[in-house]
Number of protein chains: 2
Amino acid sequence: MDKQAAGSQSRASPRQLRRTTIDDIARAAGLAKATVSRALNGRDEVHPTTRERVLQTASELGYVPQAAAHALRTGRSRCLGLLLPSVQWPWLVDVLQGVADAVSDAGYTLLLFSTAKGEQTEREFVAKVLPSRPMDGLLLIVPPGLIPSIRDLAAHGLPVVVVDDRGHPAELPSVSSANHQGALLATRHLLGLGRRRIAVVAGPMDYGCCRDRLSGYREALDEASVAFDPSLVVDANFTMAGGRTAVASLVARDPTIDAVFAMNDLMAIGAMDVLGDRVPTEVSVVGFDDIAAAELTRPQLTTVHQPLYEMGQTAVSLALDAIEGGTTVQQNVMLPTRLVVRDSCGGQQGDQ
Amino acid sequence: MDKQAAGSQSRASPRQLRRTTIDDIARAAGLAKATVSRALNGRDEVHPTTRERVLQTASELGYVPQAAAHALRTGRSRCLGLLLPSVQWPWLVDVLQGVADAVSDAGYTLLLFSTAKGEQTEREFVAKVLPSRPMDGLLLIVPPGLIPSIRDLAAHGLPVVVVDDRGHPAELPSVSSANHQGALLATRHLLGLGRRRIAVVAGPMDYGCCRDRLSGYREALDEASVAFDPSLVVDANFTMAGGRTAVASLVARDPTIDAVFAMNDLMAIGAMDVLGDRVPTEVSVVGFDDIAAAELTRPQLTTVHQPLYEMGQTAVSLALDAIEGGTTVQQNVMLPTRLVVRDSCGGQQGDQ
DNA sequence: CTGTTAGCGCGTTCAG
DNA sequence: CTGAACGCGCTAACAG
């Protein structure tokens with residue numbers, strides 16, 4: 001009994017027409033399914049004439065391979081997953097766009113997972129979503145905490161690429177930017193302007209990027225023979241509000257501060273908020289990331305540019321290499337940063 | 001070379017290479033695949049004891065259903081697609097987060113497609129990605145141009161929800177915000193401040209939202225018996241740069257302008273750039289969207305708040321209704337807007 | 001209530 | 001070079 005009998009619409013509703021399958025095109029071309037499959041995928045040798053006939057009727061019938069069937073049979077879905085905390089972190093959108101474009105260029109589909117809803121979401125992701133294997137590779141932009149459970153999955157054969165934070169022993173392929181170098185440039189710039197009491201508004205120190213940025217700061221200080229003063233470093237949480245309270249308490253207890261190096265732009269903006277008119281004449285402020293908003297503040301924010309879009313692209317190509325090359329090539333790519341001088345430090349154009 | 005090799009230890013080690021299938025758990029529990037499937041999905045009546053046994057051994061074996069197989073068999077993938085121009089439009093990230101959270105809450109997976117790379121990408125999406133059916137429903141945030149081809153797909157049974165722009169005859173389910181009302185509130189606010197020469201920096205008029213915002217502006221003018229002057233309306237493209245040039249040319253040819261209503265925040269910020277110190281004393285500026293950056297400018301931008309996150313959530317639930325209800329319920333949801341008074345208009349706190 | 005039997009659409013053995 | 005089978009993992013028809 002064939003419920004396939006296309007003629008009889010058992011349902012009255014205007015449901016979709018039956019999709020054309022390789023079987024349809026085989027019948028139309030007077031060939032076998034197998035031949036059609038081969039011609040379409042170019043896997044085996046097929047007679048040029050036959051191949052042409054297949055391609056012809058395939059396009060006539062408007063054939064499009066069915067993702068689910070292909071995935072079931074081959075075990076690969078041509079999907080890439082991206083796990084991130086929240087798209088509302090401004091620097092993330094550029095990475096995301098880079099990922100999205102690269103994924104699309106490669107003929108893949110992007111699966112987006114946000115853990116904004118908290119740890120519950122993370123656990124579910126690791127326990128349920130991941131093992132259902134809806135993706136061939138996974139890009140990770142997450143706080144350090146989640147990584148261990150992910151590493152297990154990587155060990156089971158899922159290519160994983162970590163973006164932005166290689167604070168963890170670099171066991172996983174990763175893409176980061178030159179955090180140390182960026183902080184070095186920023187601090188040198190401040191020192192070049194004559195600043196000596198340079199406060200640091202730090203991010204959480206379990207982030208590798210934060211540790212690297214701090215070491216860059218210290219290296220610049222060393223170069224200039226300025227002593228490192230731990231009391232000038234205050235921890236915050238990457239938010240504007242965090243930057244505000246950090247700087248407020250900082251200047252309250254030490255009025256000699258003449259510069260602020262914030263480990264991201266949001267905190268730098270918060271700092272400028274608190275400092276008000278003292279920026280840039282009395283106090284210089286420099287940020288990190290170069291998010292779009294850095295041009296919106298008055299004065300415009302001098303900051304360390306991270307090649308976020310390119311980081312996204314690179315992460316994708318690393319994952320694709322691992323997937324298509326089959327090899328889990330261990331690779332840790334670091335992209336350069338550069339200082340973008342705007343108005344929040346005073347002085348004239350300089351550096352680079 | 002031999003991926004089978006690991007099979008030797010697959011029994012002893014808890015990290016089996018071969019994924020456990022419904023078949024494994026059937027064998028382990030001494031039941032048939034079908035029974036296991038029923039117990040797991042709760043579709044048919046299963047004896048409580050049996051069900052318990054199945055659940056038990058399933059969790060012992062660490063069973064997780066395989067997405068591809070389920071999708072092939074059922075025809076549904078529990079995936080929702082989101083098509084958008086570029087995540088770099090600031091207002092979009094809030095919508096995106098709302099979508100991402102709601103999709104995840106529903107136990108679905110989010111597929112993200114960006115057409116930032118241009119029309120080429122759009123065509124490929126409609127021609128290749130969509131018909132491969134990797135998703136059960138599609139959320140659309142796009143320029144008006146793409147809609148027609150999408151409507152065809154909707155007619156073939158794919159639930160589609162349009163976000164933000166219902167300029168097209170409302171044939172598709174949609175989520176929008178009260179654009180007319182928002183513009184009305186904004187313009188009233190300006191008029192209440194004594195402004196009479198209110199320029200409009202418009203977006204492209206093929207967007208329904210822009211037409212609605214213009215009509216709101218005009219209604220407020222009518223209420224106040226202020227004549228509508230077409231020469232005060234200038235088209236721009238939703239960007240900061242566009243806002244700058246629009247306002248520059250506007251004030252050049254008409255120095256009497258005492259307010260600017262920009263149809264989005266980016267253009268409003270561009271306007272403030274050009275107007276400089278004249279804001280807010282001589283010229284008031286009001287925007288639309290209430291993006292995060294609206295609080296970053298000095299003066300802070302007074303603007304019309306759109307419930308972007310909620311719009312994303314709502315779009316998802318509309319799509320889910322259509323998918324799970326089976327019915328293509330025609331629904332057009334409009335969420336309220338409100339005026340957020342900050343500093344860019346001068347005067348005192350007022351209004352709504 | 002449960003087991004048996006068929007496929008979903010595709011790629012990949014095997015024969016010919 | 002092509003065709004006929006088989007099966008990926010799962011659910012939906014029928015029996016029993």
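Everything numeric in this text was worked out from a predicted model, so none of it was measured. Residue numbering restarts at 1 for every chain, and letters A, B, ... go by the order of the sequence lines.
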Distance below 4.0 Å between B:H70 side-chain N/O and D:dT11 OP1 or OP2: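 True: B:H70 side-chain N/O within range (under 4.0 Å) of D:dT11 OP1/OP2.
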
Under-4.0 Å side-chain N/O to phosphate OP1/OP2 contact, A:T50 with D:dT2: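 A:T50 to D:dT2 OP1/OP2: side-chain N or O found under 4.0 Å.
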
To the nearest angstrom, how far is [X] atom [atom1] from [N] atom [atom2]?
X     : N      : atom1 : atom2 : value
B:D23 : C:dT4  : CG    : C1'   : 13 Å
B:K33 : D:dC8  : NZ    : P     : 8 Å
B:L40 : D:dT11 : CG    : P     : 7 Å
A:R73 : C:dC8  : CZ    : P     : 15 Å
A:I25 : D:dT2  : CD1   : P     : 13 Å
B:R27 : C:dT4  : CZ    : P     : 14 Å
A:R19 : C:dC8  : CZ    : P     : 14 Å
A:R76 : D:dC8  : CZ    : C1'   : 15 Å

Select one nucleotide: of [options], the one nearest the side-chain heavy atoms of [X].
X     : options               : answer
B:I22 : D:dG3, C:dC10, D:dC10 : D:dC10
A:A69 : C:dG9, C:dG11, C:dG3  : C:dG9
B:H47 : C:dC1, D:dC1, D:dC10  : C:dC1
B:T21 : D:dG3, D:dG9, C:dT2   : D:dG9

Backbone N or O of [Y] within a donor-acceptor pair of the [X] side chain at under 3.5 Å?
X      : Y     : result
A:N41  : A:R38 : no
B:D136 : B:R78 : yes
A:T57  : A:R53 : yes
B:D101 : B:G98 : no

Under 3.5 Å donor-acceptor pair, B:R38 side-chain atoms to C:dG3 base atoms: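 Looking at the base of C:dG3, it does pair with a donor or acceptor on the side chain of B:R38 (distance under 3.5 Å).
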
Could you tabulate the donor-acceptor pairs under 3.5 Å formed by side-chain atoms of residues 65-75 of chain B, not counting sequence neighbours?
residue : atom : partner : partner atom : Å
B:Q66   : OE1  : B:R19   : NE           : 2.3
B:Q66   : OE1  : B:R19   : NH2          : 2.9
B:T74   : OG1  : B:H70   : O            : 2.7
B:T74   : OG1  : B:R76   : N            : 3.1
B:T74   : OG1  : B:R76   : O            : 3.2

5' priority, DNA chain D, between B:T35 and B:L72 [closest heavy atom]: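 So the residue in question is B:L72.
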
5' precedence on DNA chain D between A:R53 and B:A34 (nearest-nucleotide basis):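 In this pair, the answer is A:R53.
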
Paired and unpaired positions of DNA chain D as dot-bracket, Watson-Crick or G-U wobble under 3.5 Å, | denoting a partner strand: ||||||||||||.|||

Check against side chain to side chain contact (heavy atoms under 4.5 Å, CB included), A:S104 and A:L110: CA-CA 8 Å; A:S104 157; A:L110 175 61; over 6 Å; no

Pairs involving residues 105-115 of chain A, ordered by first then second residue, that meet side chain to side chain donor-acceptor pair (under 3.5 Å) (sequence neighbours left out):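 Residue pairs passing side chain to side chain donor-acceptor pair (under 3.5 Å), neighbours aside: A:D105-B:K117, A:Y108-A:E324, A:S114-B:Q97.
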
